[in-house]
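Just so it is clear: chains get the letters A, B, ... in the order the sequence lines come, proteins before strands, and each one is counted from 1. For the numbers below, each heavy atom of this structure counts, side chains included, while hydrogens, waters and symmetry mates do not.
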Protein chains: 2
Amino acid sequence: MERVPILRIGDVLLVSIQVDLQDHIAVQLQDDLSQRIVETGAKGVLIDISALEIVDSFVGRMISTTAAVSRVLDAETVVVGMQPAVAITLVELGLTLDGVLTALDVDRGLRLLASRTSGSALLLREVEGDDGAGG
Amino acid sequence: MERVPILRIGDVLLVSIQVDLQDHIAVQLQDDLSQRIVETGAKGVLIDISALEIVDSFVGRMISTTAAVSRVLDAETVVVGMQPAVAITLVELGLTLDGVLTALDVDRGLRLLASRTSGSALLLREVEGDDGAGG
C-alpha cells in the first residue's frame with residue numbers, strides 16, 4: 001500500500017491520510033493529486049488528517065505545497081479533521097499553513113468549498129439540509 | 001494510527017481502508033462504525049478498499065459482518081473501489097459478499113445509496129448533475 005487513494009465526491013477530491021507520509025509516498029501523492037485535478041476538473045481538495053496524531057515539519061510543508069499546486073490548477077484546498085495537539089504542534093513549528101483553508105470535519109469542509117465555488121449550490125443545499133436530521 | 005477514521009458526508013459514513021486490518025483494528029472499526037451510525041443516524045456506509053491490493057478471508061468476513069451490523073442499524077453498506085484482482089480472490093475464497101452492494105467508485109456509491117434511501121434526492125441530483133462536467 002504505497003499510495004494514498006484519492007476519492008472523488010462530485011467536484012471535490014478527498015484524500016484521507018492514514019499512513020506515515022514517507023518521502024516517496026508524499027511525492028507520489030502530489031503527483032497523483034495534481035493529475036486527478038486536471039483529469040476531473042475538480043474545484044476543491046479535501047485533505048483529512050484526523051488519523052494523524054503527530055505532524056512534523058515535513059508533513060506541514062507537504063500540505064502547504066499541495067495547496068499551492070492545487071491553487072495553480074484552480075482548486076481550493078481545505079484541511080479537515082485536525083486534532084488539537086496537531087494544531088498546537090504546527091504553530092510551534094511556525095507552520096501556520098498560509099493559504100490553506102481548514103474545517104473541523106469533512107461535512108463542514110464540503111460546505112466551505114461549496115460556498116466558495118460557483119455551480120455547487122446543490123451540494124451546499126444538500127449538506128445544509130442534512131444538518132437538521134443528523135447529529 | 002490504530003484507528004481507521006470514519007468520515008461523514010451528509011447522511012453517509014465513509015471508511016477508507018488503507019492499512020493492514022489486523023484483528024484489533026478491525027474490531028475497533030466495527031465498534032466505532034456502529035456507534036457513529038447510531039450517533040449520526042446515517043443511512044449508508046461506504047467502504048473504500050481501493051488501496052487494498054490483496055484481501056484474505058479475514059478481511060472478506062470483516063466486510064460481511066460490518067454490512068450485517070449496519071443493516072440491523074438501518075444503514076446500507078456499499079463497498080467501492082475494489083480492484084479486479086481482489087474481486088477474483090474474493091470469489092476464489094468463496095466470499096461473494098452476499099447482502100453487500102458494490103460500486104466502482106465513491107461517486108457511484110453515493111449515487112447508489114441516494115437511489116435507495118428516501119430523502120436524499122438532492123444528493124442524487126447533485127452527483128448526477130456533476131457527471132456532465134467532470135471526467
Side-chain angles (χ1 to χ4, degrees), chain A residues 1-21 25 35-43 46-54 80-81 83 104-111 114 117 119-135, chain B residues 1-21 25 35-43 46-54 80-81 83 104-111 114 117 119-135:
Chain A
M1 301 176 199
E2 294 289 290
R3 278 166 185 241
V4 178
I6 299 169
L7 309 175
R8 185 169 165 216
I9 303 169
D11 54 1
V12 171
L13 299 177
L14 171 65
V15 180
S16 176
I17 296 175
Q18 300 172 25
V19 294
D20 280 329
L21 277 181
I25 298 180
Q35 201 170 338
R36 286 293 297 276
I37 292 172
V38 172
E39 278 172 14
T40 62
K43 286 300 185 184
L46 277 183
I47 302 180
D48 170 68
I49 59 169
S50 58
L52 299 187
E53 280 163 18
I54 46 167
V80 299
Q83 296 192 17
L104 273 185
D105 53 35
V106 171
D107 238 21
R108 288 186 173 87
L110 282 173
R111 212 182 310 173
T117 55
S120 296
L122 273 173
L123 176 62
L124 175 65
R125 245 179 285 160
E126 190 279 324
V127 174
E128 275 180 348
D130 196 68
D131 251 7
Chain B
M1 303 177 197
E2 293 288 290
R3 277 166 186 243
V4 179
I6 299 170
L7 310 175
R8 185 169 165 219
I9 303 169
D11 54 2
V12 171
L13 299 177
L14 172 65
V15 180
S16 176
I17 296 175
Q18 299 173 24
V19 294
D20 280 329
L21 278 182
I25 298 180
Q35 201 171 336
R36 286 292 298 274
I37 292 173
V38 172
E39 277 172 15
T40 61
K43 285 300 185 185
L46 277 182
I47 302 180
D48 170 69
I49 59 169
S50 58
L52 299 187
E53 280 164 16
I54 46 167
V80 300
Q83 296 192 17
L104 272 185
D105 53 35
V106 170
D107 238 23
R108 288 187 173 86
L110 282 173
R111 211 181 312 172
T117 56
S120 296
L122 273 173
L123 175 62
L124 175 66
R125 246 179 285 158
E126 190 278 326
V127 174
E128 275 179 349
D130 197 69
D131 252 7

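- Residues passing the side chain to side chain contact (heavy atoms under 4.5 Å, CB included) test with Gln83(A) are Glu53(A), Val86(A), sequence neighbours excluded.
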Report the C-alpha separation of Leu7(A) and Ser50(B) in whole Å, then their side-chain angles, then the decisive distance to 0.1 Å, and conclude whether the side chain to side chain contact (heavy atoms under 4.5 Å, CB included) test is met.
CA-CA 9 Å; Leu7(A) 309 175; Ser50(B) 58; 4.2 Å; yes

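- Using modelled atom types, no side-chain atom of Gln18(B) and backbone atom of Arg3(A) make a donor-acceptor pair closer than 3.5 Å.
- We find the CD1-CG distance between Ile6(A) and Asp48(B) to be 11.5 Å, quoted to the nearest 0.5 Å.
- Neither the backbone nor the side chain of Asp105(B) comes within contact range of chain A; no heavy atom of the residue lies under 4.5 Å from a heavy atom of that chain.
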